[in-house]
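All remarks here apply to the structure that follows.
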Amino acid sequence: MKTRTQVAIIGAGPSGLLLGQLLHKAGIDNIILERQSGEYVLGRIRAGILEQVTVDLLKEAGVGERVQREGVVHHSIELVFAGSRHPIDVHGLTGGKVVTAYGQTELTRDLMDARQAQGLATVYEAADVSVHGFDGAQPVVRYRKDGVEHEVQCDFIAGCDGFHGVCRASVPKGAITEYEKVYPFGWLGVLADVPPVSPHAIVYGNSDRGFSLCSMRSMTRSRYYVQCPLEDKVEEWSDQRFWDELRSRLDPELAARVVTGPSIEKSIAPLRSFVAEPMRFGRLFLAGDAAHIVPPTGAKGLNLAATDVKYLAGAFIEHYAENSAAGIDTYSQRALRRIWKAERFSWWLTNLMHRFPDTQGFGQRMQEAELDYLVNSKAASTALAENYVGLPL
Ligand code: RFL
Ligand code: PHB
């Protein structure tokens, strides 16, 4: 079957759904093709912290009502090291900026619901999606659904298909440069319906047993992480073992306050820094995790995806409304400027807070000195705070 649209979006994660919504609001026709089912996409527990830019963009897209009502605003973060806690007054240091705890699952659900209510086309379980002709004027996307072959003709293809997607992989090797750093550990994450140990500040811990993180989804749902060896299997981590390990990495007062309960999700994620340059190849554009990955330590991945989409939607709108190629031509450059700064911040915070195989002796002392400097210097804590809330667009 053959159809036509203006923008064919590959991937119904946050990037693809948000792009579809912003384009629809501007009267630009689009279709989203997603390899997985809707339930599968909603079942992936990932990000939890939104920058103000992201919350504002959700409002602009007409889906900001629930995040405003249910999102939990945070004015500060806390660093735990050497057995004690050190608050960083993010709000005060940035002239009033905050971050909002709101699960990626909820954000995805809001966008999915809006898309459905508007009767917009999302094809879930689209098999063997392939992209063609993006170096010419008439790109085409092919896929199979329920055994039937489909072809979508379009003006542009938006590759919002994540790190393992088909879009970046379809670009000729010589046209793309990839930068990558893989870290020698992973994060074991647990979601549980227990009140968060720190409902007013996200806690980042550096201890001699490794990194830990206390986050939340609501006043009754918590999200915790501990650094673990990459070879570990989830099955080796009983709930009890996880809670014991988390407590052992916190300061005594916080450890005593942790409320435990059965996990409702438990998974191990590897940590990676990755950037592909450029993000445009003729009429194919990459956005979000399809173009870049940050280790989750800085809470930047979803936020970067949102700003890519803001730039990309703006570029398409400029093209259709003003017949101008300026936004399209500068998309990659604009997005990458912001991306590299978030890459730097995420890499830096990862290095500061984790145990590396060589974090002994000198490396260990460097971490201790930097943490001491960070919490006692207004200049250093301001640098942390302004990156954490998100650099200006
Ligand atoms: P996604 O979410 O990976 O969505 C891509 C979609 O494309 C589909 N797809 C295909 N569809 C059709 N054909 C194909 N060939 C396809 N190949 C793939 C996939 O099924 C999927 O539905 O990318 P997107 O939309 O760019 O969104 C990016 C975010 O998901 C990601 O950056 C964040 O989750 C990262 N992240 C965090 N970001 C934050 O801003 N704040 C946080 O607090 C935060 N915490 C995290 C995180 C990521 C984590 N993990 C597991 C990597 C915590 C963790 C543990
Ligand atoms: C989360 O809530 O899942 C979360 C919070 C902060 C991070 C990463 C993940 O840096």
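For ligands, and for the atoms within them, numbers begin at 1 and follow the listed sequence.
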Can you tell me the protein heavy atom closest to [atom] and the distance?
| atom | value |
| --- | --- |
| atom 37 (C) of ligand 1 | A47 CB, 3.0 Å |
| atom 3 (O) of ligand 2 | Y225 OH, 2.6 Å |
| atom 24 (P) of ligand 1 | S15 OG, 3.2 Å |
| atom 18 (C) of ligand 1 | D161 O, 3.0 Å |
| atom 6 (C) of ligand 1 | E34 OE1, 3.6 Å |
| atom 10 (C) of ligand 1 | R35 CB, 3.7 Å |

Sub-3.5 Å N/O-N/O distance, [X] and ligand 2:
| X | result |
| --- | --- |
| A47 | no |
| Y388 | no |
| R217 | yes |

Hey, which atoms in ligand 1 end up nearer than 4.0 Å to a heavy atom of [X]?
| X | result |
| --- | --- |
| K300 | 39 (C), 40 (O) |
| G301 | 32 (O), 35 (C), 38 (N), 39 (C), 40 (O) |
| G165 | 17 (N) |
| V166 | 15 (N) |

Subject >> Pi-cation contact, Y124 with K145 (under 6.0 Å, within 45°) >> reply: no

**OP:** Establish, yes or no, whether the cationic atom of R283 lies under 6.0 Å from the six-membered ring centre of F156 and within 45° of the ring axis.
**Re:** yes

Sub-3.5 Å N/O-N/O distance, [X] and ligand 1:
| X | result |
| --- | --- |
| R46 | yes |
| Q36 | no |
| H164 | no |
| V129 | no |
| W187 | no |
| N303 | yes |
| G288 | no |

Do [X] and [Y] come within less than 4.5 Å of each other through their side chains, counting heavy atoms only?
| X | Y | answer |
| --- | --- | --- |
| S346 | S273 | no |
| M279 | I339 | yes |
| R66 | E106 | yes |

Using a distance-only test with no angle check, is there a side-chain donor-acceptor pair under 3.5 angstrom linking [X] and [Y]?
| X | Y | result |
| --- | --- | --- |
| T54 | Q52 | no |
| N30 | Q6 | no |
| E343 | W348 | no |

Check [X] against ligand 1 and report side chain, backbone, both or neither, counting heavy atoms closer than 4.0 Å.
| X | result |
| --- | --- |
| Y143 | neither |
| C160 | backbone |
| I10 | side chain |
| Q104 | side chain |
| A299 | both |

Subject >> Sub-4.0 Å protein heavy atom near atom 52 (C) of ligand 1 >> reply: no

Which of the numbered atoms in ligand 2 are under 4.0 angstrom from any heavy atom belonging to [X]?
| X | value |
| --- | --- |
| R223 | 3 (O) |
| I49 | 5 (C), 6 (C) |
| P296 | 7 (C), 8 (C), 10 (O) |
| Y204 | 6 (C), 7 (C), 10 (O) |
| A299 | 6 (C), 7 (C), 10 (O) |

With the 4.5 Å side-chain cut-off for hydrophobic clustering, are [X] and [Y] part of the same group?
| X | Y | answer |
| --- | --- | --- |
| I45 | I264 | yes |
| F81 | L374 | yes |
| F345 | F211 | yes |
| L50 | V72 | no |
| L246 | F185 | no |

Close approach, [X] and ligand 1, non-hydrogen under 4.0 angstrom:
| X | result |
| --- | --- |
| P14 | yes |
| A126 | no |
| E51 | no |
| Y225 | yes |

[X] and ligand 2 - part of the residue with a heavy-atom distance under 4.0 Å:
| X | answer |
| --- | --- |
| R46 | backbone |
| T297 | backbone |
| S215 | side chain |

Subject >> Criterion salt bridge (charged side-chain N to carboxylate O under 4.0 Å, His left out) against E245, the qualifying member of R247, R249, R241 >> reply: R249

Original post:
Among R44, R223, R217, whose salt bridge (charged side-chain N to carboxylate O under 4.0 Å, His left out) with E265 holds?
Top reply: R223

**OP:** Tell me, please: is K300 in heavy-atom contact with ligand 2, that is, under 4.0 Å?
**Re:** no

Original post:
Angle class for the F356/Y183 ring planes (parallel below 30°, perpendicular above 60°, tilted otherwise)?
Top reply: perpendicular

**OP:** Would you confirm whether the ring centroid of F274 sits within less than 6.0 angstrom of the ring centroid of F163?
**Re:** yes

Original post:
Got a sec, which residues hit salt bridge (charged side-chain N to carboxylate O under 4.0 Å, His left out) with R144, two or more places apart in sequence or on another chain?
Top reply: D128, E149

